[in-house]
Protein chains: 2
Amino acid sequence: MPTIKDVADRAGVHAATASRALNSATRGMVNARTVTRVLEAAKALGYAPNSAARSLRTRTSSVAGVIIPDLRNPVFPPIVRGIEDGLREAGYMALLGNTDGDAVRERELFDAMRGRQTDGFILATSRRDDALPAEVPTVLVNRRTDAGGVPSVTADNSVGVHMLVRALVHLGHSRIGHVAGPRHLSTGWERYRAFVDAMDGAEPVTFAEAFTEDAGFEATLRLLDTVPDLTAIVAGNDLIALGCYAALASRGLRVPEDISVTGFNDIPFADRQRPGLTTIRIPHYDIGLESARLLLERIANPAGPAKRIVLPVELVTRGSTGPARN
Amino acid sequence: MPTIKDVADRAGVHAATASRALNSATRGMVNARTVTRVLEAAKALGYAPNSAARSLRTRTSSVAGVIIPDLRNPVFPPIVRGIEDGLREAGYMALLGNTDGDAVRERELFDAMRGRQTDGFILATSRRDDALPAEVPTVLVNRRTDAGGVPSVTADNSVGVHMLVRALVHLGHSRIGHVAGPRHLSTGWERYRAFVDAMDGAEPVTFAEAFTEDAGFEATLRLLDTVPDLTAIVAGNDLIALGCYAALASRGLRVPEDISVTGFNDIPFADRQRPGLTTIRIPHYDIGLESARLLLERIANPAGPAKRIVLPVELVTRGSTGPARN
DNA sequence: TTGTACGCGTTATCAA
DNA sequence: TTGATAACGCGTACAA
């Protein structure tokens, strides 16, 4: 691999001059004809800067760490894709890691990536009570911590839940239960709080252990055991809603004739379930894109305000909701 | 951030000794008591090696480039997850990039990652006719090139297609068509060749432009226009099969009563389609895992043989196939 | 406008 | 077994 020295020799200049000519920020210091010669030499040799040397010198890498629970959760692929496109706009690339929700593994990954000169982090894993290292630029995506100070990009959970409850009430439902996501994750918690708020009263709620179909199945059974006369269930997200489908079927209850069910996220194929899932569409790709841009902003100006970006959501009505029975 | 010099000072040794003590491969050269002192000092200071400096010196980075067409294609998340887990076993991490099937972008990404000292590549994007740079360790995942010499990990496309055709024949079908994937991708081509082989005769085939639902829709319409009396369609993959569903519905044909349809891959939610899709299950996660291990093997021993790993597949029968009409 | 010289943090080589 | 030293490739303060 050719080095900048090789390029400089071929162009008949010193390496320092070649460096200045190749770097657009310092190109102005160099004679225009010299610039041309250097650029030609670089092209002819197929020169590509050695990023290790550059990182060592500049202490930046143009790499961001992206840490998520599990790529196989269908919310994440479009988000990660948005992140990658956002990073690419600025010549950044993404180091990807999965934690399976394990805090220890998250910490290990974080440290390992930091050792690799990562310029910043996009995390989809933080628990509400996480304390994040403040020294390195970090953006939370689809998650928040209770304590402020960490920039985040999320969908409007509160408005989404209100939309769902309003739609159900409009269909005549009054006995509405909630199978919430985990308390320790901001998405689970925010949607739970919004549900309580929208219902303004002590409504039946069970918490799923995780945002998975299995956890939703189990939590729905618990809900049905305590409150058998529900006519609608607001699930913490789409996967939990699919768990509801299974739990209701196991009890011989039909959706939506006996009980209406709603989800959250509008994951791919939510429309293909039977029945199609009424849910809240969040802008997955844009959430990723914006979080990348926000991170780049933080890297450029770490002292700036820790913005919180909330993206609008949309109600998608499908077959899983219908008029309340009776 | 503390450097190895700081660790050495605290342990009362020279930086070179500290380096040897910290590196497990060279630890044997160092006095056991010295090793302990150095390790304690490192721990006390929270030392983490600067990977840029290490890369500059050793010309390795413990980072692999992973290039795929689009993470939103549901085949890829489990594969990428397997890759990441496989890389992690050896302390490697993955730089991820999407190309949308664009050869120019693929080239750009490849070069950009190479500039970042990537130790090797896992590519899911190669066209059959691609010429890959031989200098850097590369493994193809779920793809092959016609020319040998590049290690690859794929599912057994040929056996899978034979399984599907055999199952259809068993159901009484004889007029079976194929909506193939793109000719320039090995998956598309291999399954097409296997189909022709299994049917041993000139059977009706159209090629979809891409492995997408839309392309499948369009190609299915073309197939129906030429051969109206089909009783079964073997689709190039699951997404194309979903395009078949839509195309058949638009012509007022029912699946499987009028026409049976099969897919390939068994993507998540293939079981939730209506009707559930009969398809070939490929071991997505293991394909990723094995490709990571194969890459690590190549990195350790670039001169070794370019293995081709073919993983077994499984027929999954669901509602989209039924007895031939008449 | 260009060249000189140095240092970023690590590891490999050589000498002790 | 340890220390001294050089080198990886780049960017930049300083001098010319």
Side-chain angles (χ1 to χ4, degrees), chain A residues 1-39 41-42 45-63 91 111-119, chain B residues 1-39 41-42 45-63 91 111-119:
Chain A
M1 288 245 83
T3 72
I4 203 168
K5 183 83 175 28
D6 300 323
V7 174
D9 287 350
R10 192 177 224 269
V13 296
H14 192 270
T17 306
S19 172
R20 287 187 282 255
L22 289 166
N23 192 326
S24 58
T26 50
R27 193 168 292 155
M29 307 176 183
V30 180
N31 183 302
R33 286 195 42 236
T34 313
V35 171
T36 316
R37 275 215 318 286
V38 171
L39 261 37
L45 294 172
Y47 169 75
N50 180 317
S51 70
R54 174 179 281 169
S55 291
L56 186 57
R57 190 70 175 81
T58 63
R59 314 191 147 288
T60 66
S61 62
S62 293
V63 170
D111 290 340
M113 287 182 174
R114 208 135 80 108
R116 281 186 172 77
Q117 312 310 115
T118 309
D119 289 349
Chain B
M1 290 245 81
T3 72
I4 203 168
K5 184 81 176 32
D6 299 322
V7 173
D9 287 351
R10 191 178 224 269
V13 297
H14 192 270
T17 306
S19 172
R20 286 186 283 254
L22 289 166
N23 192 326
S24 58
T26 50
R27 193 168 291 155
M29 306 176 184
V30 180
N31 183 301
R33 286 193 44 234
T34 313
V35 170
T36 316
R37 276 215 317 287
V38 171
L39 260 37
L45 294 172
Y47 169 75
N50 181 319
S51 70
R54 175 177 284 168
S55 291
L56 184 58
R57 190 66 177 95
T58 64
R59 314 190 148 284
T60 66
S61 62
S62 293
V63 170
D111 290 339
M113 288 182 173
R114 206 133 82 107
R116 282 187 173 76
Q117 311 311 116
T118 309
D119 289 349

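Letters go in sequence order (proteins before strands), and every chain restarts at 1. Predicted model only: the values in this text are computed from it and were never measured.
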Residues in side chain to side chain donor-acceptor pair (under 3.5 Å) with A:Thr36, at least two apart?
-> none

Heavy-atom side-chain proximity of A:Ile4 to A:Tyr47 below 4.5 angstrom = yes

If you take all heavy atoms of A:Gln117 and B:Ala52, which pair is closest and at what distance?
-> CG-CB, 3.8 Å

Report yes or no: do A:Ser61 and A:Asp119 form a side-chain donor-acceptor pair below 3.5 Å?
-> yes

Select base, sugar-phosphate, or nothing to describe what A:Arg54 touches, counting heavy atoms under 4.0 Å on all strands.
-> sugar-phosphate

Sorted by chain and residue number, the salt bridge (charged side-chain N to carboxylate O under 4.0 Å, His left out) partners of A:Arg54 (sequence neighbours excluded) come out as none

Most 5' of B:Thr34 and B:Leu56 on DNA chain D, judged by nearest nucleotide | B:Thr34

Using distance only, find each side-chain donor-acceptor pair of residues 11-27 of chain A under 3.5 Å and give its atom names and separation, not counting sequence neighbours.
residue	atom	partner	partner atom	Å
A:His14	ND1	A:Ala16	N	3.0
A:Asn23	OD1	A:Ala25	N	3.1
A:Thr26	OG1	A:Arg20	O	3.0
A:Thr26	OG1	A:Asn23	O	3.2
A:Arg27	NE	A:Ala21	O	2.7
A:Arg27	NH2	A:Ala21	O	3.4
A:Arg27	NH2	A:Leu22	O	3.1

What pairs with A:Thr34 under side chain to side chain donor-acceptor pair (under 3.5 Å), at least two apart in sequence or on another chain?
-> none

Which residues in residues 4-23 of chain A have at least one heavy atom lying under 4.0 Å from any atom of DNA chain D?
-> A:Ile4, A:Ala16, A:Ser19, A:Arg20

Going 5' to 3' on DNA chain C, which nucleotide is the first and which the last to come under 4.0 Å of a heavy atom in chain B?
-> C:dG9 to C:dT13

What residues in residues 24-32 of chain A put a non-hydrogen atom under 4.0 Å from any atom of DNA chain C?
-> A:Met29, A:Val30, A:Asn31

Which atom of B:Met1 lies closest to which atom of B:Asp6, heavy atoms considered = O-OD2, 4.4 Å

A:Val63 side chain reached by A:Arg116 side chain, heavy atoms, under 4.5 Å | no

For DNA chain D, note the earliest and the latest nucleotide, 5' to 3', having some atom under 4.0 Å of a heavy atom belonging to chain A.
-> D:dG9 to D:dA13

Bend of the helix from C:dT1-D:dA16 to C:dA16-D:dT1 from end-axis comparison, five pairs per end, nearest 10°, comes to 40°

Can you name the nearest heavy-atom pair linking A:Val7 to A:Ala41, along with the distance?
-> O-CB, 3.7 Å

For B:Arg57, side-chain contact (heavy atoms from CB on, under 4.5 Å) partners two or more places apart = none

Output all residues satisfying salt bridge (charged side-chain N to carboxylate O under 4.0 Å, His left out) with B:Asp9, sequence neighbours left out; order by chain, then residue number.
-> B:Lys5

Listed by chain and number, what are the side chain to side chain donor-acceptor pair (under 3.5 Å) partners of B:Asn50, not counting sequence neighbours?
-> none

Pairwise side-chain contact, A:Leu39 with A:Val35, heavy-atom cut-off 4.5 Å (strictly under) | yes

